Amino acid sequence: MFNMGADLKPKTYGRDKHGIARSSISHGALKVCEILRAHDYSAYIVGGAVRDLLLGVPPKDYDVATDAHPEEIHRLFRRSHLIGRRFKLVHVLFGQETVEVSTFRAGEGGEADATGRLLRDNVYGTRVQDAARRDFTANALYYDPHDETVLDYHGGFADVRKKTMRIIGDPGLRFREDPVRMLRAVRFAAKLGFTIDQKTRAPIRELADLLENVPSARLFEEMLKLLLSGHSAACLAQLRKEGLHHGLLPLLDVIVEQPVGERFLRLALEQTDSRIQTGKSVSPAFLFAALLWHEVLAAWKANEGKDMRSIPALFLAMDQVLDAQTDKLSIPRRLTTTMKEIWALQPRLEQRSGKRALVLLTHPRFRAGYDFMLLRSESGEVPAELANWWTRFQDAETEERNAMLIPESAAKKRPRRRRKAMTSDAPEPTPTQHDPDN
Ligand code: ATP
Ligand code: MG
């Protein structure tokens, strides 16, 4: 591989240089390293955890790298699982915590496709090789809890201090091996406030199309990590800057040109980021429903323009948008079902007459549909008055509620946008069990 001879000996940083306090490290990760070591294996905390500890940011999770093989690791920990088929990892559980333990791997020797994309990366290796196969220098630091040193083969320590994301080895080659690394560069840079090193950045625009060869389920996972990073707005802005968004979410091209759509998207992302930063849960289905909403609106309008009735036009639009999206980044069905429910609720929330409004309150997705409508209202797409009405209506006592309802006869006389949405031929979205994952 690259520079392997030259980098055989790592730089070593002691406690006084790196400043990582043992007490700031997770109990589980320390325990895993201690037990492996007691059985004569070497074991280090690696990856994002070391980077984050150096930055004083609490790590999201901990990875441990070792020369023990998966079966050997598994045998040492009663509460552990072997994960993966081709390349096995071990998940070790400590209470709520899961520590991911992997055996040192060599990046080379794998099989590649015509574009240079590595199809397999499942050859065990040494610690030196393991460092070289990692993506960025900042992600290739090894913390040894036994003597509290940080080992650095690729200059990651200085790069963390300089807040630089730098790929290890030749950027073009490494991005070809795994185009997802381009998205990772953007995510880490946006999340950590790093700059992508100039040489690392240079080939990205040209290689952006290689993302098309990545299995769409993996792209979805990566996109989800990006959107749930707590810095989604910054990530998407940077994706655009690097020219990486085209294939992923085609809407991002269009959206900036529509003031309402732009505002809607920005609000959705800001809300997501602030929820994540304050430790609240976020619904991926809600987020993707928001990301694609203005595509749906455009297709809906186009279908209506072809003389379709409003509700069938909306349902067709949802399928058109989701089908087009699936080629690029396949959104799992468990999410698309909920997304469609959220969208289908929108015209129904615009009616406030008779029993229908009461029935909506019991819809399993009412809350998500209502929150979605609040976003539409904040971005100026529906009147604030409508949103306020629903806010009051759902908390009102029975008597007040009845008084709030617009009588059917009056509702019929009022000409309203998407009037057809109010007719009874609107198909009922199928109620599904509430799934917190969605
Ligand atoms: P975070 O968990 O904060 O998102 P991380 O750096 O820990 O960031 P993970 O996806 O958990 O990222 O991966 C752990 C480590 O595995 C990385 O730090 C990196 O060293 C290595 N790694 C992960 N994905 C790749 C990849 N596509 N190519 C090369 N190395 C990778
Ligand atoms: Mg990690």
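Below, all heavy atoms of this structure are taken into account, side chains as well, without hydrogens, waters or symmetry copies. All ligand and atom numbering here is 1-based and tracks the order in the structure. Computed from a prediction, not measured in an experiment: that's the story for all the values here.
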Do [Y] and [X] meet the salt-bridge criterion of a basic N to acidic O distance under 4.0 Å?
X      : Y      : result
Asp130 : Arg133 : yes
Glu222 : Arg187 : yes
Glu304 : Lys301 : no
Glu97  : Lys31  : no
Lys162 : Asp197 : no

Just need the protein heavy atom nearest to [atom], so name the residue and atom and give the distance.
atom                    : result
atom 2 (O) of ligand 1  : Lys60 NZ, 3.1 Å
atom 27 (N) of ligand 1 : Asp178 OD2, 2.8 Å
atom 7 (O) of ligand 1  : Gly48 N, 3.1 Å
atom 28 (N) of ligand 1 : Arg181 NE, 2.8 Å
atom 3 (O) of ligand 1  : Arg51 NH2, 3.1 Å
atom 8 (O) of ligand 1  : Phe188 CE2, 3.4 Å
atom 13 (O) of ligand 1 : Arg184 NH2, 3.7 Å
atom 4 (O) of ligand 1  : Arg187 NH1, 2.8 Å

message = Side chain or backbone, does Gly47 bring an N or O within less than 3.5 Å of an N or O on ligand 1?
response = no
With heavy atoms only and a cut-off of under 4.0 Å, state how [X] meets ligand 1: side chain, backbone, both or neither.
X      : result
Glu100 : neither
Asp63  : side chain
Phe136 : neither
Asp135 : both
Arg134 : both
Arg105 : neither
Arg174 : neither
Val46  : neither

Could you tell me which atoms of ligand 1, counted from 1 in the order shown, lie closer than 4.0 angstrom to a heavy atom of [X]?
X      : result
Asp61  : 2 (O)
Lys225 : 10 (O)
Arg133 : 29 (C), 30 (N)
Lys191 : 3 (O)

Parallel under 30°, tilted from 30 to 60°, perpendicular over 60°: which one fits the rings of [X] and [Y]?
X      : Y      : answer
Trp390 : Phe393 : perpendicular
Phe188 : Phe136 : perpendicular
Phe264 : His294 : tilted

Margin query: Testing the 3.5 Å rule here: is there a donor-acceptor pair between the side chains of Trp293 and Gln346?
Written below: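 There is no such pair (donor and acceptor under 3.5 Å, judged by atom type) between the side chains of Trp293 and Gln346.
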Item checked: Between Ser80 and His74: side-chain donor-acceptor atoms closer than 3.5 Å ->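 The answer is yes; a qualifying pair exists.
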Checking distances from the Mg ion (ligand 2), one finds that the N, O or S atom of Asp61 closest to it is OD1
Closest non-hydrogen atoms of Met182 and Leu207, given as atom of the first, atom of the second and distance, are CE-O, 3.3 Å
Inset, instruction - Kindly say whether the aromatic ring centers of Phe104 and Tyr41 come within a distance under 6.0 Å. - result: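 They do not qualify: ring centres at least 6.0 Å apart.
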Ring center gap for Tyr44 and Tyr143 short of 6.0 angstrom
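No - the distance between ring centres of Tyr44 and Tyr143 does not fall below the 6.0 Å cut-off.
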Looking only at heavy atoms of Arg218, does any of them come nearer than 4.0 Å to an atom of ligand 1? yes
Practice problem: May I ask whether Glu177 places a heavy atom under 4.0 Å from ligand 1? | Solution: no
- prompt: How long is the span from the OG1 atom in Thr137 to the CD1 atom in Ile167, to the nearest 0.5 Å?
  reply: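 Rounded to the nearest 0.5 Å, the OG1-CD1 separation comes out at 9.5 Å.
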